Number of protein chains: 2
Amino acid sequence: MTYSIAQAAEHSGLSIDTLRYYERIGLVDPPARDSGGRRSYSDDDLGWLVFLTRLRTTGMPIRMMREYAQLRHRGAATAGRRKQMLFEHRASVRARIAELQSCLEVLDYKISHYGEIEHTFIEGITA
Amino acid sequence: MTYSIAQAAEHSGLSIDTLRYYERIGLVDPPARDSGGRRSYSDDDLGWLVFLTRLRTTGMPIRMMREYAQLRHRGAATAGRRKQMLFEHRASVRARIAELQSCLEVLDYKISHYGEIEHTFIEGITA
DNA sequence: GTAGGAGCTGGAGTGCACTCCAGGTCAACC
DNA sequence: GGTTGACCTGGAGTGCACTCCAGCTCCTAC
């Protein structure tokens with residue numbers, strides 16, 4: 001199964017421009033081309049794109065994704081390094097979640113605090 | 001108690017440049033000045049700065065923080081609107097956490113997958 | 001055979017959130 | 001009274017991750 005750039009964009013959630021941009025900066029390998037010179041993405045290509053969007057969603061910077069892509073390109077010999085990268089990235093995602101959760105508590109507090117303002121009309125509380 | 005800009009930066013985790021930048025764009029009110037014309041932050045100022053860093057950490061864009069700051073500036077009459085903003089923001093933070101957690105599952109899967117590669121030396125698995 | 005639409009390239013432009021800089025002031029200490 | 005160090009201002013520069021554009025080609029449908 002092959003996919004046009006529009007279909008690849010649709011499937012991955014990236015824009016067409018972003019797909020070409022990712023190719024330009026070496027984040028994805030140049031896909032095959034059809035008889036008219038247009039990009040023709042394979043299922044494997046799509047799988048990689050979708051995985052990239054996960055890394056992006058979790059805040060991995062592009063330069064790190066590119067490093068990962070380059071290791072991947074060098075084959076099975078780099079599997080350990082790649083696993084290590086994902087391992088470390090997972091830790092940072094967990095830390096990020098913890099950070100967000102601690103901020104959530106502050107928001108919860110603030111929101112209930114506003115509730116008091118609204119019900120008792122305490123003056124001067126403007127935070 | 002008052003604080004120099006360096007102390008405010010230290011306490012809030014923002015840089016000195018960022019403090020001046022936030023003031024310039026109307027995110028924080030201009031603090032008092034000492035006899036030498038230097039910024040002199042109050043405890044209230046610091047409290048606001050710390051709260052801003054929470055909003056920032058949770059990904060609120062500056063333009064929204066500024067909107068919030070402007071409402072706050074208009075006093076208690078805008079408390080409802082501000083509470084509503086925090087309420088909506090909290091929902092987006094929760095959504096973000098859920099998104100990260102779902103990506104974490106993908107990472108977990110990938111990482112255990114790499115484990116298989118390392119132990120059984122399956123060829124061709126390069127994702 | 002031509003009009004329309006998708007896709008192509010190289011390169012310029014955008015928005016966000018800072019970050020840095022030059023050139024100056026001010027207070028304190030030696 | 002000179003040097004040092006923190007701070008001041010307005011404005012320019014940075015890094016990231018896209019996003020847009022002009023001008024072109026190619027295929028399909030009428």
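Below, chain A is the first sequence line, B the second, and so on; all start at residue 1. Predicted model only: the values in this text are computed from it and were never measured.
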| note | Per the under-4.0 Å heavy-atom filter, residues of residues 25-33 of chain A near DNA chain C come out as A/Arg33
| side-chain contact (heavy atoms from CB on, under 4.5 Å) partners for B/Ala69, two or more places apart | B/Trp48
| message | List the residues meeting side-chain hydrogen bond (donor to acceptor under 3.5 Å, both in side chains) with B/Glu67, not counting sequence neighbours, and say none if there are none. | response | none
| field | Greater than 12 external heavy atoms within 6.0 Å of A/Glu99's CD | value | yes
| said: Show the nearest heavy-atom pair for residues B/Leu55 and B/Met65, with the distance to one decimal. | reply: CB-SD, 3.9 Å
| Nearest heavy atoms of A/Arg72 and A/Thr78, plus distance in Å | N-OG1, 4.1 Å
| What is the minimum heavy-atom distance between B/Pro31 and B/Ser40, and which atoms define it? | CB-O, 3.8 Å
| request: Identify the two heavy atoms, one from B/Leu100 and one from A/Thr57, that lie closest to each other, and give their separation to 0.1 Å. | output: CD2-O, 3.9 Å
| field | Side-chain heavy atoms of A/Arg56 within contact of A/Leu14, under 4.5 Å | value | yes
| request: Compare every heavy atom of B/Ser12 with every heavy atom of B/Leu49, then report the nearest pair and how far apart it is. | output: CB-CB, 4.0 Å
| Under the side-chain contact (heavy atoms from CB on, under 4.5 Å) test, residues paired with B/Arg38 that sit two or more places apart | B/Asp34
| field | Residues forming a side-chain hydrogen bond (donor to acceptor under 3.5 Å, both in side chains) with A/Thr18, sequence neighbours excluded | value | A/Ser15
| field | Pairwise salt bridge (Lys or Arg N to Asp or Glu O under 4.0 Å) hits with a residue in residues 11-26 of chain A, at least two apart | value | A/Asp17-A/Arg20, A/Glu23-A/Arg33, A/Glu23-A/Arg39
Pairs under 3.5 angstrom, nitrogen or oxygen only, protein versus nucleotides 24-30 of chain C, please.
from	atom 1	to	atom 2	distance (Å)
C/dC26	O2	B/Arg38	NH2	3.1

| said: At a heavy-atom distance below 4.0 Å, which nucleotide of DNA chain D is the first touched by chain A, and which is the last? | reply: D/dC16 to D/dC27
| field | Euclidean distance, atom CD1 of residue A/Ile16 to atom P of C/dA6 [Å, nearest integer] | value | 9 Å
| In residues 17-24 of chain B, what residues come within less than 4.0 Å of DNA chain D, judged by heavy atoms? | B/Arg20, B/Arg24
| query | Who are the side-chain contact (heavy atoms from CB on, under 4.5 Å) partners of A/Arg94, not counting sequence neighbours? | reply | A/Arg90, B/Leu104, B/Asp108
| remark: Nearest heavy-atom approach of B/Leu19 to B/Val28 is O-CG2, 4.4 Å
| request: With sequence neighbours left out, write down each residue that passes side-chain contact (heavy atoms from CB on, under 4.5 Å) with B/Gln7, or none if nothing qualifies. | output: B/Tyr3, B/Ser4
| field | Any residue of residues 90-103 of chain A with a heavy atom less than 4.0 Å from an atom of DNA chain D | value | none
